[in-house]
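These notes concern the structure reproduced below.
Proteins come first, then strands; the chains are lettered A, B, ... in the order of their sequence lines, and each starts at number 1.
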2 protein chains.
Amino acid sequence: MMSLQYKNKEAYPLTVTIYDVAREANVSMATVSRVVNGNQNVKPATRKKVLEVIERLEYRPNAVARGLASKKTTTVGVIIPDISNNIYAEAARGIEDIATMYRYNIILANSDQNEEKELTLLDTMYGKQVDGIVMMSDAVTPKLHQSMDHSPVPIVLAGTVDESNQFASVNIDYFQASYEAVQMLIANGHKRIAFVSGPLHNTINSKFKLEAYKKALSDARLEIDEQLILPEEGSYDSGIEAWETVMTLEQPPTAFFAGSDELAIGIVHGAQDNGYKVPEDIEVISFENSKLARMVRPQLTSVVLPLYDIGAVAMRLLTKIMNKEEIEDQEVIIPHRIEVRKSVKKND
Amino acid sequence: MMSLQYKNKEAYPLTVTIYDVAREANVSMATVSRVVNGNQNVKPATRKKVLEVIERLEYRPNAVARGLASKKTTTVGVIIPDISNNIYAEAARGIEDIATMYRYNIILANSDQNEEKELTLLDTMYGKQVDGIVMMSDAVTPKLHQSMDHSPVPIVLAGTVDESNQFASVNIDYFQASYEAVQMLIANGHKRIAFVSGPLHNTINSKFKLEAYKKALSDARLEIDEQLILPEEGSYDSGIEAWETVMTLEQPPTAFFAGSDELAIGIVHGAQDNGYKVPEDIEVISFENSKLARMVRPQLTSVVLPLYDIGAVAMRLLTKIMNKEEIEDQEVIIPHRIEVRKSVKKND
DNA sequence: TTGAAAGCGCTAACAC
DNA sequence: GTGTTAGCGCTTTCAA
């Protein structure tokens with residue numbers, strides 16, 4: 001059964017081109033092109049005439065033809081691990097908002113942190129002639145690095161660390177932020193603090209959060225117990241599991257530094273479901289501060305990871321690069337802070 | 001400061017075209033095109049030779065040129081209200097997964113449920129020559145309807161009701177699902193059930209959830225009290241607010257039917273923060289069943305809204321239409337169910 | 001099985 | 001200010 005939409009479609013199969021407009025308006029294609037593109041070298045009267053015809057004919061420029069002729073598609077590629085994960089969705093929104101502001105569209109694709117897919121997607125984006133790419137990834141592997149290096153268009157990394165420091169990127173200071181978080185727990189007198197990190201193949205987890213955790217402990221002359229380091233998946237259930245694992249220990253931890261809000265909530269619920277009180281018995285600090293952080297009791301104290309901003313700034317940076325503007329610094333670090341709520345005791 | 005990436009870019013500024021491959025392989029462009037497109041009418045030896053040159057030259061077809069020549073871009077437009085909202089992100093993932101499976105890319109754009117933007121975005125998509133569009137919207141307004149009617153490409157509505165029944169769409173039976181949810185509360189003996197709906201300019205809320213709520217009440221000969229109908233925003237905080245509003249009533253409700261998980265969690269926390277127990281004092285049933293539903297205590301009983309599936313099926317339907325395959329029914333209804341957890345008492 | 005050539009719809013010199 | 005004319009890189013008849 002065909003829809004009305006279809007019937008209509010068959011009624012208007014003809015696309016009107018710049019040539020049609022030119023003919024109807026008695027001008028050349030060049031002139032039509034000029035008015036469409038806002039070129040000032042057109043007599044007002046001519047412009048008006050052309051505009052009228054455009055309206056009458058419902059002319060709509062063909063972006064593909066334009067892209068082929070001008071070598072600019074005004075679309076950028078966005079490669080992220082998983083749009084259904086709040087973290088990336090938030091960043092994607094930041095990217096899209098700024099893209100829209102600068103009149104770019106976005107081709108969005110999920111990589112599932114799979115190197116194969118990332119590589120394929122980069123190639124797809126190159127093929128689609130995007131004007132630039134914003135990429136989020138767990139780790140810039142050698143192969144990824146190589147592909148990016150040969151990219152025909154600029155690439156900006158968002159919330160993604162490239163250890164070679166060769167690409168434009170937008171991040172926060174993960175090490176410092178994590179250090180402060182662990183310090184906050186230490187200041188509350190905890191000797192045994194667990195770190196539930198999220199996957200360690202993620203560079204940020206392995207090189208910054210974990211290292212900061214260790215540094216904070218050793219700076220405070222506390223023992224680093226590998227049993228308290230749990231590289232979980234990052235999900236709510238992993239949070240619960242982490243709690244269960246760690247609570248069977250002879251000397252269980254009294255505080256947790258969690259790599260994400262979901263993880264943190266899992267830990268909180270794990271504790272509460274077993275009769276522990278947060279923050280009285282167990283203190284938890286998270287790293288993310290999504291809206292979830294307020295949707296638990298107690299609400300989570302959390303390092304603020306400004307995903308939206310990271311996305312937005314990355315896209316803004318990309319527009320500058322695409323535009324060949326001067327860039328002060330191609331590796332931007334956004335300020336961070338810790339939002340204090342109730343999952344950690346006040347100490348003052 | 002220019003990155004290495006840039007230096008490299010300037011070192012390889014030449015794009016290799018189908019013409020280069022043809023010349024190097026001593027064949028015509030047509031032949032190269034054939035092997036690139038998997039056309040069988042090529043002698044194996046020729047194919048091999050061409051493939052070698054392609055590899056050697058690192059030739060990558062220009063999708064824009066291809067799009068112009070073939071009038072197919074293998075990209076579809078996706079217009080959703082807000083990717084940072086879990087509901088839409090989930091659907092977007094479904095859409096993208098199936099799109100990828102059928103080798104389409106996706107241009108993703110946020111409309112913020114703003115009719116202006118939706119109209120602009122549709123135009124943008126038409127201009128970009130997408131091969132089809134998946135759209136999610138609160139309401140198919142007359143203007144939207146008109147634009148879609150004149151669309152040069154097929155459009156499928158996902159999780160979006162078009163009252164004219166003119167467009168292809170994928171949904172669940174919102175009325176029936178809501179009716180069952182309210183019935184469950186009625187069966188537990190509640191006489192005063194509040195409906196916290198989310199914005200009523202959303203067709204699904206106003207025409208289905210609300211109507212079903214009223215019908216269920218009146219079928220059970222219960223009074224419909226307008227004070228118990230709260231068209232909130234849909235956020236966590238609105239849930240809390242709804243609770244507060246309704247609890248000042250002379251006869252407050254003892255149960256809630258919430259339009260989304262966030263709303264439901266807000267209500268649960270509102271109740272708990274004021275010393276009420278869920279489900280002992282207050283029962284709550286939600287409509288969404290995102291992963292949030294399990295991330296509260298008590299976990300939420302919720303109507304299952306299969307967003308991922310809705311997106312996936314919508315995209316699949318779109319591929320069929322783009323492909324001019326026979327469609328059994330252009331309005332597909334996915335089965336729904338209620339996931340029973342702890343925010344509603346067992347009654348058996 | 002292969003090639004020649006005509007576009008696809010637009011931009012961008014360049015000339016007038 | 002405006003028009004002419006090459007392309008942009010590819011697909012697609014149509015012939016051979």
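Checked against the 6.0 Å centroid threshold, B:F167 and B:H145 count as a close aromatic pair.
If you check residues 41-48 of chain A against DNA chain D, the residues with a heavy atom closer than 4.0 Å are A:N41, A:V42, A:K43, A:T46, listed by number.
For residues 48-57 of chain B, the pairs satisfying salt bridge (charged side-chain N to carboxylate O under 4.0 Å, His left out) are B:E24-B:R56, B:K48-B:E52, with sequence neighbours left out. The side chain to side chain donor-acceptor pair (under 3.5 Å) analysis of residues 59-72 of chain A, with sequence neighbours excluded, yields the pairs A:R60-B:D123.
Heavy atoms only, all atoms of each residue included: A:T160 and A:M135 are closest at OG1-O, 3.8 Å.
Residues forming a side-chain contact (heavy atoms from CB on, under 4.5 Å) with A:I107 (at least two apart in sequence, or on another chain): A:T75, A:M125, A:K128, A:V130, B:N105, B:I107. Taking A:D162 as the reference, nothing meets the salt bridge (Lys or Arg N to Asp or Glu O under 4.0 Å) condition, with sequence neighbours excluded. When the side-chain contact (heavy atoms from CB on, under 4.5 Å) test is applied to B:S111, the partners found at least two apart in sequence or on another chain are B:I79, B:P81, B:E118, B:L121. In this structure A:D131 satisfies the salt bridge (Lys or Arg N to Asp or Glu O under 4.0 Å) test with no other residue, sequence neighbours excluded. Residues meeting the side-chain contact (heavy atoms from CB on, under 4.5 Å) test with A:K143, sequence neighbours left out: A:E115, A:L119, A:T141. Take B:K320 and apply the side-chain contact (heavy atoms from CB on, under 4.5 Å) test, not counting sequence neighbours, and it matches B:R316, B:E325, B:I327, B:E328.
Checking side-chain atoms of A:S28 against main-chain N and O of A:T31 turns up a donor-acceptor pair under 3.5 Å. Checking side-chain atoms of B:N37 against main-chain N and O of B:R34 turns up no donor-acceptor pair under 3.5 Å.
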Check: Which letters describe nucleotides 8-16 of chain C, given B = protein heavy atom under 4.0 Å from base, S = only from sugar-phosphate, - = neither?
Finding: BBBBBB---
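Nucleotides of DNA chain D that come within less than 4.0 Å of any heavy atom of chain B span, from the 5' end to the 3' end, D:dG9 to D:dT12.
For the OP1/OP2 pair of C:dA4 and a distance below 4.0 Å, the side-chain nitrogens and oxygens of B:S28 include no atom meeting the criterion.
For the helix from C:dT1-D:dA16 to C:dC16-D:dG1, the rotation axes defined at the first and last 5 base pairs enclose an angle of 30°, given to the nearest 10°.
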